[in-house]
Amino acid sequence: MEKLLSIIFIYIFVENFVLQRFFGICPFLGVSRKMETAIGMSMAVVFVMTMATLVTWLLYTFVLVPFNLTYLQIVTFILVIASLVQLVEIVLRKISPTLYQGLGIFLPLITTNCAVMAVALLAVRQEFSFLESVVFAIAASIGFSLALIIMAGIRERLELAEMPDVLQGSAVTLITAGILSLAFLGFKGMLTL
Amino acid sequence: MKASSPYLQDFTRGIVKENPVFVALLGMCPTLGVTAFIVNGVGMGLAAAAVLIASNLVISLLRNYIPSQVRIPCFIVIIATFVTIIEMVLQAFQPVLYEALGVFVPLIVVNCIILGRAEAFASKRPVLRSLLDGIGMGIGFTLALLILSAVREILGHGTILGPDPESAIHLFGANFEPMALFAQPPGAFIALGLLLAIVNLLFKRFNIK
């Protein structure tokens with residue numbers, strides 16, 4: 001229990017996936033322009049990341065390791081993630097059209113979101129148990145969402161700010177992310193696993 | 001910059017005009033994640049470039065045989081195969097670099113530059129042009145990582161060719177107090193943001209577009 005709680009705290013704040021570990025920077029820069037899309041993307045990521053880690057962990061532990069196929073890890077994981085995203089898209093369209101409307105456009109983007117792949121790989125590399133892996137995935141995706149939503153809030157205000165035109169767009173976004181990352185650096189060393 | 005033949009254009013496009021990092025903003029995760037030291041940055045750049053060149057070559061060779069409905073999964077499998085090979089090669093011959101790059105080595109598979117070039121270029125063009133495009137983009141990516149990691153290592157550690165103390169060269173003498181910020185994650189964001197601003201400025205000054 002103690003370990004689960006520390007995993008949650010560590011991967012939301014101390015080792016924030018976007019701001020401290022640099023996973024999922026592309027969607028972080030790409031869809032943080034508006035609050036609405038940021039929230040949609042966050043929900044899709046929480047969902048897919050948890051599902052993907054669950055499936056890849058089971059596959060790794062009960063198929064790849066017993067049959068000595070761990071060298072196929074990269075191929076297997078990326079295929080699982082890609083097909084899972086497809087599956088989620090199809091299921092959502094049938095079951096909940098409203099949710100599909102909200103998440104729809106973000107789902108294909110998630111396949112190349114390296115945070116999803118990273119969380120699956122790290123869960124295995126750090127030898128987490130099944131429950132720990134799932135909690136790890138949820139915490140990491142909440143950390144991702146937190147960074148994305150804070151960033152969207154800042155960028156909505158930044159739109160109206162005056163600045164030199166060479167800084168406009170991605171340059172100022174990256175510098176803002178740096179300052180945000182500096183704030184999260186304050187959590188460093190508070191907890192370790 | 002007026003390149004006459006399409007081959008030369010394919011080659012030079014990725015280096016400056018459509019540089020994957022500074023212009024297209026692709027492959028940001030490894031760009032920010034492994035550039036605390038020049039050795040790691042260049043190692044990452046070369047590993048990704050090798051995968052990019054190999055996957056461009058194979059995808060271009062197979063472009064008439066891959067059905068367009070399932071092309072993305074096919075590309076992903078081809079890329080993942082080369083990433084696995086690179087991972088094994090690094091693990092066997094460059095264990096120190098492999099450890100330093102960590103999870104970013106398998107993450108080459110989700111690097112948008114590689115899938116992007118496969119989809120936008122290699123799947124539609126002949127082999128030689130795709131190969132040149134891959135080499136050019138690979139050089140552009142490695143160059144960008146070299147520049148960013150040089151800034152970060154010189155400011156953040158005051159060395160070049162670290163972290164190995166035997167090869168590290170201290171640029172500013174023993175009393176130099178490095179700006180530790182640039183060795184930390186926030187420094188990566190800030191350094192890249194400022195570099196982007198400088199690139200924008202240079203592009204504007206020299207009218208590159």
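Just so you know, these numbers come straight off a predicted model, no measurement behind them. Residue numbers begin at 1 in each chain, while the letters A, B, ... track the order of the sequences. Below, each value reflects all heavy atoms present in this structure, side chains not excepted, and no hydrogens, waters or symmetry copies.
Both the backbone and the side chain of Ile190(B) come within less than 4.5 Å of a heavy atom in chain A. For chain A, the nearby part of Val109(B) is the side chain; its heavy atoms alone come within less than 4.5 Å.
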The test is side-chain contact (heavy atoms from CB on, under 4.5 Å); show your working for Lys204(B) and Asp165(A) and say whether it passes. CA-CA 10 Å; Lys204(B) 233 169 110 180; Asp165(A) 53 343; 2.8 Å; yes
Verdict with reasoning, Leu181(B) to Leu182(A), per side-chain contact (heavy atoms from CB on, under 4.5 Å): CA-CA 9 Å; Leu181(B) 173 72; Leu182(A) 203 58; 3.3 Å; yes
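In this structure, the side chains of Glu15(A) and Pro185(B) stay at 4.5 Å or more apart for every pair of heavy atoms. Between Gln20(A) and Gln184(B), the closest side-chain pair of non-hydrogen atoms is not below 4.5 Å.
Contact tally against chain A (heavy-atom pairs below 4.5 Å) for Pro30(B), Ala80(B), Ala191(B), Ala188(B): the top residue is Ala80(B). For chain B, the option among Leu121(A), Thr173(A), Leu167(A) with the highest count of heavy-atom pairs below 4.5 Å is Leu121(A). Chain A forms the most heavy-atom pairs under 4.5 Å with one residue out of Ile79(B), Leu107(B), Leu201(B), and that residue is Leu107(B).
Contact detail for Ala82(A) and Ile76(B): the closest heavy-atom pair is CB-CD1, 4.4 Å. Taking each heavy atom of Gly193(B) and Leu174(A) in turn, the nearest pair found is CA-CB, 3.7 Å. Nearest heavy-atom pair, Cys112(B) versus Cys26(A), reported as atom, atom and distance to 0.1 Å: SG-SG, 3.4 Å.
Taking the six-membered ring where the residue is Trp, the centroids of Phe189(B) and Phe22(A) are separated by under 6.0 Å.
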